[in-house]
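All remarks here apply to the structure that follows.
Worth saying up front: this structure is predicted, and the values here are computed from it rather than measured. Lettering of chains follows the sequences in order, A, B, ..., and the numbering in each one begins at 1.
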Amino acid sequence: MNRSFNLFAGIIGSFALSCYALVLLPKQQLGGLQPQTVEDEGKITEIYPINNVAVEKGRAVYASEGCFYCHTQQVRDEQNGTDLERGWGVRRTVARDYIFDTTPFLGSNRVGPDLANVGSTKWRNEPVDENSKYKPAKRDAAWQLLHLYAPRTVIKSSNMPPYRYLFENKKISGQRSVDALALTGSDAPEPGYEVVPKPAAKALVAYLLSLDKSHPLKEVKGSAPEVAAK
Amino acid sequence: MTAAALAPTPTAASAPEAPSAAQVQAAERAAIDASASGPVLFFFSNAILWLLLATVLGFITSIQLHHPGFLANFSIVSLLPFTEGSLLADLRLTYGRALPAYTNALGYGWATLSGMGVAIWLLARLCRVRIKVPGVLITGAIFWQVGLTVGILQILGGKTTGVEGLEIPGSAAVLMLFGYLLVGLWGALIFGYRRQAPAYISVWYLLAALFWFPWTFGLAHLAVALPVQGVVQSLIAAWAAQNFLNVFITAIGLAAAYYLIPKVIGRPIHSYHLASTGFGAFILFSGLTGAVRLSGGPLPAWLITLSIAATILLLVQLATVSTNLLLTMRGQHHMVYHSPTVRFTIFGVISFTIASVVGLLSSLRSVDRLLHFTFFQSAQTHLLLYAFFSMVMFGAIYYILPRLLGCEWLSSSLISWHFLASAYGGGVLVVGLALSGIAGGAALANPESIFSQVIEDSSRYYVASTLAWGMIGIGHVIFALHFLLMLFRIGQPGGEPTLFAPIGEEKH
């Protein structure tokens, strides 16, 4: 009797402890985080992060295609890795960056680069050398679409899977569509046809281009909020 | 109470003349086995089907890493007409869908069902209780699997929750939870009606597993459904994944090892005190380790520190479990050559030891920084889930099935081939993933090496994983066929236990 009591007390008590320390306490500590605000003549406005519902559709595509099994969306500081040096962000990410995410895609594996700031113009995944002739291509919507359709046409050694099913092979009727992919070589469709993104691909790219967590925050040292407020 | 009194009685050798205590006990055991055989066989055979599915999916995802175009645009619907708008619409095997389908099939299909089968049988045996209304257990397993099947189809159809480790959407998860509760409740009832007090070490671990799982699973899915927003969501997912692997799965694996090794060797567990200290450390610390999965991430530092500390303190459990089980084997190492069950189980216990040491080292900040976002994590998961847990489950099934069917395994060479394929395949898989993680991590840590270099360095070992999956696949097919033969009672009826080599004929 006594032994079984101890056993049950141990099992239930340890679970309660685990749940308290790793779920309830952090929820209490982080659950109330609010966006950063600026006060301008007594008027308080929330400046970061913004709840960008316009890209929800693309966010859903990112989830259903499981991009997050290969890509993280979290930038670590200098002590914990080379993320900043690689150009994946200008500061580390913190809990406040994710308050509006119902499912933050923090990720756990970097088969591909971190995408926390991939929509920022400052994001890069290649070293930019002032003197070299080589300049990384601009990551605009057209580039992203092409990369999704056939990653190896833009990054030779890529082992990211192609997402052709997010595109349509269409017969050209009259004018070429504005968003038809500029494909060459073996990827090009047969003459008279063009490859155009389906709505899911466009939404996904809009989501990717919205990803930017470089806004300075007061809890991150060195990201100077005063400068940003301007 | 001495250690000897608590240990399960060794299998009676040739029984003496009079209806002795041993004969009465043997008759009781036979009655318990008969009452358990329906549900336990149901659990095992379904588990093996999931194992085969997981093997195929694991093989596919490993090929995709070196041939990214492989099945990248393949749609299962194109094979099935009239699926528009149904659950079967737009099923795809792109890496980002095949991978979670694989982990769910392996974790919730194979591991959970085989683990539950072993748990129910062990509880019935150790509590000396016959199972009443076995239909409840079977119903539970059916609900669980209907939920899991729907969930995996939803994942392949792109309707995942998007939370790593908790991909199965709420409605399917509810079915699973309901099914689980039926099984868990029956497990608790077996303990409630126990005729053997005090409880053996394995029973402690089993009760812990039975209790922890539904709470973790239920709370974590609740958090997804609410939804809890922000990084707390990720933390809960990490907590749930860690509890599943490091508490639920580990506890069942250790319960089986604590039963099987003394039982087959015919000698009580080395030390009861070591075992109870180990269990105490396990139950207290392992549930606090979850945040190591988010080390370096956007969370308060105290959380990570707490989990690292808990990981280090788990050393107490590791030391006690490993020394206890290995000391029980002392002087009986030759049993590894004779008994399939011991060979599989000892392989598992050694893997558990390695997994714990590696887990501890890699949780340290200086190491974690290098390996965190690489396949090293996956190597650790497979070390625990495959090289430890699955191997122990194979050993347990090799032990339990003849007792349920009254028929011994047909061929020791088939068992031996299965062992070789799973041991080498599992080993190559884990080492390949670990090397890929180390190489990729080193390249990532060097800001001079551009990302193409990272890809090149980590890709070098992907082919090894595919090769490993090939070996593992062969092992699983052999195992499944052998199991099927047993179900049809094609074996050695009433024969001697199938051993690798007759006892007494030393190999060393």
Does any backbone or side-chain atom of [X] lie under 4.5 Å from a heavy atom of chain A? Answer side chain, backbone, both or neither.
| X | value |
| --- | --- |
| B:Leu370 | neither |
| B:His67 | neither |
| B:Ile283 | both |
| B:Leu99 | side chain |
| B:Val454 | side chain |
| B:Ser452 | both |
| B:Val231 | both |
| B:Ser449 | both |
| B:Leu226 | neither |
| B:Phe376 | neither |
| B:Ile455 | side chain |
| B:Arg92 | side chain |
| B:Thr216 | both |
| B:Phe285 | neither |

Gap between atom [atom2] of [Y] and atom [atom1] of [X] - 0.5 Å precision:
| X | Y | atom1 | atom2 | value |
| --- | --- | --- | --- | --- |
| B:Arg369 | A:Gln79 | CZ | CD | 8.0 Å |
| B:Leu219 | A:Cys19 | CG | SG | 5.0 Å |
| A:Phe68 | B:Ser234 | CZ | OG | 10.5 Å |
| B:Trp204 | A:Ser4 | CH2 | OG | 11.5 Å |
| B:Glu164 | A:Leu106 | CD | CG | 9.5 Å |
| B:Ile304 | A:Asn80 | CD1 | CG | 9.5 Å |

Within the distance-only criterion (no hydrogens, no angle test), does the side chain of [X] pair as donor or acceptor with the backbone N or O of [Y] below 3.5 angstrom?
| X | Y | result |
| --- | --- | --- |
| A:Thr102 | B:Pro227 | no |
| A:Thr82 | B:Pro447 | no |
| B:Arg97 | A:Ser64 | yes |

Counting only heavy atoms from other residues, nucleotides and ligands, does the tally under 6.0 Å from OH of A:Tyr20 exceed 12?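 No, OH of A:Tyr20 has 12 or fewer neighbouring heavy atoms, counting only those of other groups under 6.0 Å.
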Shortest non-hydrogen separation from [X] to [Y] and the atoms involved:
| X | Y | answer |
| --- | --- | --- |
| B:Pro100 | A:Tyr69 | CB-OH, 3.2 Å |
| B:Leu288 | A:Ala21 | CD2-CB, 3.9 Å |
| A:Arg92 | B:Pro298 | NH2-CA, 4.3 Å |
| B:Gly230 | A:Pro104 | O-CG, 3.0 Å |
| A:Leu17 | B:Leu284 | CD2-CD1, 3.9 Å |

Decide yes or no for [X] and [Y]: does some side-chain heavy atom of the first lie under 4.5 Å from some side-chain heavy atom of the second?
| X | Y | value |
| --- | --- | --- |
| B:Pro68 | A:Arg152 | yes |
| A:Asn125 | B:Ile450 | no |
| A:Asn159 | B:Tyr462 | yes |
| A:Ser18 | B:Asn243 | yes |

Quick check for you: among [options], which has the greatest number of heavy-atom pairs under 4.5 Å with chain B?
| options | value |
| --- | --- |
| A:Ser158, A:Gly112, A:Ala150 | A:Gly112 |
| A:Gly107, A:Pro113, A:Gly13 | A:Pro113 |
| A:Ala95, A:Pro161, A:Ser108 | A:Ser108 |

Centroid separation A:Tyr165 to B:Phe74 less than 6.0 Å: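 No - the distance between ring centres of A:Tyr165 and B:Phe74 does not fall below the 6.0 Å cut-off.
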Full working for ring-ring contact (aromatic ring centres under 6.0 Å, His included) between B:Phe191 and A:Phe8: CA-CA 12 Å; B:Phe191 180 74; A:Phe8 282 122; 5.7 Å; yes
If I measure from the heavy atoms of chain B, does [X] come under 4.5 Å with its side chain, its backbone, both, or neither?
| X | value |
| --- | --- |
| A:Leu166 | neither |
| A:Arg96 | neither |
| A:Tyr62 | neither |
| A:Val111 | both |
| A:Glu65 | both |
| A:Ile99 | backbone |
| A:Thr72 | side chain |
| A:Arg59 | neither |
| A:Cys70 | side chain |

B:Ser436: partners by side chain to side chain donor-acceptor pair (under 3.5 Å), with sequence neighbours left out: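 Residues passing side chain to side chain donor-acceptor pair (under 3.5 Å) with B:Ser436: none at all.
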For chain A, which candidate among [options] shows the most heavy-atom pairs at distances under 4.5 Å?
| options | answer |
| --- | --- |
| B:Thr94, B:Leu65, B:Val163 | B:Thr94 |
| B:Gln64, B:Arg365, B:Glu167 | B:Glu167 |
| B:Gln377, B:Gln229, B:His372 | B:Gln229 |
| B:Phe375, B:Phe70, B:Phe279, B:Tyr95 | B:Phe375 |

Show me the donor-acceptor pairs within less than 3.5 Å that the side chains of residues 23-34 of chain A make with the rest of the protein, sequence neighbours left out.
unit_1, atom_1, unit_2, atom_2, d
A:Gln29, OE1, B:Trp302, NE1, 2.7
A:Gln34, NE2, A:Gly32, O, 3.4

Can you list the residues of residues 195-208 of chain A that sit under 4.5 Å from chain B, counting heavy atoms only?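 Under the 4.5 Å heavy-atom cut-off, nothing qualifies.
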List in chain and number order the residues that pass salt bridge (charged side-chain N to carboxylate O under 4.0 Å, His left out) with A:Asp83, two or more places apart in sequence or in another chain; answer none if no residue qualifies.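 Scan of A:Asp83 (salt bridge (charged side-chain N to carboxylate O under 4.0 Å, His left out), adjacent residues dropped) gives A:Arg76, A:Arg110.
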With a 3.5 Å cut-off and no angle check, do the side chains of A:Thr103 and B:Gln233 form a donor-acceptor pair?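 Not at all, the side chains of A:Thr103 and B:Gln233 share no donor-acceptor pair under 3.5 Å.
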Please work out whether the ring planes of B:Trp212 and A:Phe15 are parallel, tilted or perpendicular, with thresholds of 30° and 60°.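 Perpendicular: the ring planes of B:Trp212 and A:Phe15 meet at over 60°.
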